[in-house]
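One structure is given below, encoded as structure tokens.
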2 protein chains.
Amino acid sequence: MPTVSSEELATAAGVNSAKLRKDFSYLGSYGTRGVGYDVEYLVYQISRELGLTQDWPVVIVGIGNLGAALANYGGFASRGFRVAALIDADPAMAGKPVAGLPVRHTDELESIISDNGVSIGVIATPAGAAQQVCDRLVAAGVTSILNFAPTVLSVPEGVDVRKVDLSIELQILAFHEQRKAGEENAPSPVPPRSGAAVRAASENRKGPDGDVPAVMPA
Amino acid sequence: MPTVSSEELATAAGVNSAKLRKDFSYLGSYGTRGVGYDVEYLVYQISRELGLTQDWPVVIVGIGNLGAALANYGGFASRGFRVAALIDADPAMAGKPVAGLPVRHTDELESIISDNGVSIGVIATPAGAAQQVCDRLVAAGVTSILNFAPTVLSVPEGVDVRKVDLSIELQILAFHEQRKAGEENAPSPVPPRSGAAVRAASENRKGPDGDVPAVMPA
DNA sequence: ATGCCTTTGTGAACGCGTGCACAAAGATGG
DNA sequence: CCATCTTTGTGCACGCGTTCACAAAGGCAT
Ligand SMILES: NC(=O)c1ccc[n+]([C@@H]2O[C@H](COP(=O)([O-])OP(=O)(O)OC[C@H]3O[C@@H](n4cnc5c(N)ncnc54)[C@H](O)[C@@H]3O)[C@@H](O)[C@H]2O)c1
Ligand SMILES: NC(=O)c1ccc[n+]([C@@H]2O[C@H](COP(=O)([O-])OP(=O)(O)OC[C@H]3O[C@@H](n4cnc5c(N)ncnc54)[C@H](O)[C@@H]3O)[C@@H](O)[C@H]2O)c1
């Protein structure tokens with residue numbers, strides 16, 4: 001029986017082995033003392049807890065540059081996600097095949113969602129249309145949304161929104177970049193107290209309960 | 001002089017006003033007691049600290065579906081990022097205009113980087129090429145990388161890597177989705193101890209010092 | 001069966017971010 | 001010029017995640 005010790009996994013992942021063991025214990029995952037964890041069982045258990053054993057139908061709304069790229073991306077299927085439909089408001093796109101699927105018009109949005117039991121939606125429309133699309137998705141029964149549009153979506157309680165903001169990713173890199181440059185020469189105008197604000201700026205969004213809105217002017 | 005109080009900002013952002021004030025104090029940002037913060041000065045100060053006052057040249061490597069979408073994305077320019085060049089290994093693409101810029105061949109990678117003083121690179125190549133591209137970028141002087149390929153990149157100390165893994169974003173949504181479904185009926189197989197592992201699964205990557213590698217099989 | 005060695009599971013300590021509460025600062029009006 | 005009111009800046013305590021350290025458990029060899 002192939003096994004791994006928490007120490008091996010921890011080293012590979014670059015984390016503390018005690019944390020790993022404690023986390024596993026929360027999952028009810030019992031290893032064998034003196035031996036380690038049964039790899040197969042461990043994988044199964046984590047997969048199940050993470051929801052990877054069932055597959056989730058998703059819809060992508062807004063089949064432009066980004067939406068088409070997402071539709072073509074094979075990485076979703078391999079993680080248990082199935083693209084149930086591609087939806088766009090442009091009548092000219094309706095019926096056109098993208099990544100092997102015909103693009104459906106926005107009119108069909110509600111029926112597509114309910115027919116397929118979709119609970120996860122991806123929004124890749126322009127920012128101006130995002131909230132409206134979001135509202136329709138939620139009304140139709142979607143309870144999880146992955147948003148690429150640079151807008152803060154407001155949703156009723158019980159609906160999760162994750163926002164992917166590529167500009168912020170770059171800003172975080174730029175922030176560290178600037179910091180690197182500043183270290184060598186003159187001390188930063190701000191003393192390196194390394195306080196909460198600085199650290200918070202390096203982190204990503206905190207969780208499902210509300211993203212940090214962009215306060216900087218575009 | 002237009003001002004805002006920490007309380008106003010905190011309410012708008014949905015955070016605690018004390019946290020906000022404390023964070024501002026780390027930035028050396030002094031408000032006026034009884035009045036609040038000078039909006040203009042505050043914006044300038046935060047912008048500067050975040051590195052938004054200078055603009056950063058970036059290169060995008062791998063002009064496929066995703067790379068092209070990124071190149072066409074206007075949101076970067078508005079946040080102070082300038083696409084210095086688009087680079088692809090496919091000879092057939094060389095010279096072809098994408099988003100108004102001619103695609104350059106990988107051979108030119110090093111000279112493009114040094115000529116433009118690029119320190120931030122975006123990798124949108126297939127996973128198999130990512131590490132190799134990364135090595136070349138780093139060797140040429142890039143010290144910050146935004147990686148879209150589903151691979152853990154290894155880089156020397158001093159180089160920051162941020163990984164955007166869209167599958168993981170969906171997995172996090174699916175995880176919560178499953179949890180929602182489980183609450184109504186039978187109790188989850190795992191008692192809702194709400195431990196560190198569960199919470200950690202909702203969080204994103206922690207910071208610049210090492211992403212959490214994907215341990216699940218694809 | 002017994003003893004040794006490895007690795008788990010976890011209680012306790014530590015570190016850190018967050019929120020509370022309040023004194024000091026400064027504006028504003030009388 | 002003084003009183004009052006607003007809002008900042010921050011010491012302090014609380015909560016939570018992380019890490020240490022170790023006893024218990026189990027395999028394995030003798
Ligand atoms: N392209 C990128 O790399 C990138 C990066 C980050 C964020 N974004 C954001 O993602 C979104 C899409 O970007 P893009 O480059 O694909 O834009 P795009 O203009 O190429 O595509 C937008 C698509 O949405 C469709 N659409 C418009 N309104 C709609 C509606 N109400 N319902 C359904 N579909 C609708 C349009 O017909 C179009 O096909 C934008 O909000 C953009 O800011 C894009
Ligand atoms: N499309 C998506 O929505 C999406 C989402 C998440 C992650 N990704 C990842 O992003 C990457 C790109 O995705 P894509 O859909 O654009 O793929 P793609 O196949 O359309 O594009 C890849 C491009 O990279 C170029 N390339 C290959 N090797 C190269 C090299 N050594 N140097 C420079 N260029 C090279 C190819 O010529 C091609 O143009 C993949 O790793 C994919 O897994 C894509």
Side-chain angles (χ1 to χ4, degrees), chain A residues 1-43 45-46 49 190-212, chain B residues 1-43 45-46 49 172 190-212 215:
Chain A
M1 181 178 81
T3 58
V4 273
S5 69
S6 61
E7 187 54 43
E8 290 176 273
L9 278 176
T11 304
V15 297
N16 185 286
S17 65
K19 174 182 198 283
L20 214 149
R21 284 198 298 279
K22 189 161 286 187
D23 282 3
F24 283 176
S25 78
Y26 288 130
L27 296 175
S29 153
Y30 291 147
T32 310
R33 299 180 186 219
V35 176
Y37 298 88
D38 173 23
V39 173
E40 192 182 350
Y41 183 58
L42 186 61
V43 167
Q45 204 161 211
I46 298 179
E49 183 64 20
V190 176
R193 294 172 64 177
S194 186
V198 171
R199 209 163 304 120
S202 341
E203 307 290 327
N204 263 11
R205 53 205 82 76
K206 293 258 306 288
D209 46 1
D211 275 351
V212 179
Chain B
M1 182 176 79
T3 59
V4 273
S5 68
S6 61
E7 188 53 43
E8 291 176 272
L9 278 176
T11 304
V15 297
N16 184 286
S17 65
K19 176 183 199 284
L20 214 148
R21 284 198 299 278
K22 190 162 286 186
D23 282 3
F24 283 177
S25 78
Y26 287 130
L27 296 176
S29 152
Y30 290 147
T32 310
R33 298 178 187 221
V35 176
Y37 298 88
D38 173 24
V39 173
E40 192 183 349
Y41 183 58
L42 185 61
V43 166
Q45 204 162 213
I46 298 179
E49 184 64 19
I172 293 171
V190 176
R193 294 173 64 177
S194 185
V198 171
R199 210 164 303 120
S202 341
E203 307 290 326
N204 262 12
R205 53 206 83 74
K206 291 262 302 287
D209 46 2
D211 274 352
V212 179
V215 284

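In the text below, chain A, chain B and the rest are named by the order of the sequence lines, each starting its count at 1. Both backbone and side-chain heavy atoms feed into the values below; hydrogens, waters and symmetry mates do not.
Summarising the geometry of B:Tyr37 relative to B:Ser6, their closest heavy-atom pair is CE1-CB, 4.0 Å, with the distance given to 0.1 Å. The shortest non-hydrogen separation linking B:Val4 to B:Val39 is CG2-CG2, 3.8 Å.
Distances from the side chain of B:Tyr37 to the nucleotides D:dG9, C:dT8, D:dT18 place D:dG9 closest. Nearest nucleotide to the B:Tyr30 side chain, out of D:dG9, D:dT18, C:dA21: D:dG9. Taking every side-chain heavy atom of B:Thr32 into account, C:dG26 is the closest of C:dG26, C:dC20, D:dT19. When each of C:dA27, C:dC20, C:dT10 is scored by its nearest atom to the side-chain atoms of B:Val35, the top-ranked nucleotide is C:dA27. Comparing D:dT18, D:dC12, D:dT8 by their closest approach to the side chain of B:Ser5 singles out D:dT8. Each of C:dA27, C:dA23, D:dG11 was ranked by its minimum atom distance to the side chain of B:Arg33; first place goes to C:dA23.
Taking atom CZ of A:Arg21 as the reference point, atom C1' of D:dC22 lies 11 Å away to the nearest angstrom. Residue B:Glu7 contributes atom CD, which lies 12 Å from atom P of C:dG19 at whole-angstrom precision. Between A:Met1 atom CE and D:dG26 atom P there is a gap of 13 Å when expressed in whole angstrom units. With rounding to whole Å, B:Asn16 atom CG is found 5 Å from C:dG19 atom C1'. Across the protein-nucleic acid pair, B:Asp23 atom CG and C:dT18 atom P stand 7 Å apart, rounded to whole Å. The interatomic distance linking A:Leu20 (CG) with C:dG9 (C1') rounds to 13 Å, in whole Å. For A:Tyr26 and C:dT8, the OH to P distance is 17 Å, given to the nearest whole Å. To the nearest angstrom, P of D:dG26 lies 16 Å from CG of A:Asp38.
For the pair A:Ser6 and C:dT8, the criterion of a side-chain N or O lying under 4.0 Å from OP1 or OP2 is met.
Taking CG of B:Leu27 as the reference point, atom CG of B:Leu42 lies at 8.5 Å (rounded to 0.5 Å). In this structure, CG in B:Asn16 is found 10.0 Å from NZ in B:Lys22, a value given to the nearest 0.5 Å. Remark: A:Glu7 CD to A:Arg21 CZ distance equals 7.5 Å, nearest 0.5 Å.
Counting distance only, with no hydrogens placed and no angle test, the side-chain atoms of B:Lys22 and the base atoms of C:dG19 include a donor-acceptor pair under 3.5 Å.
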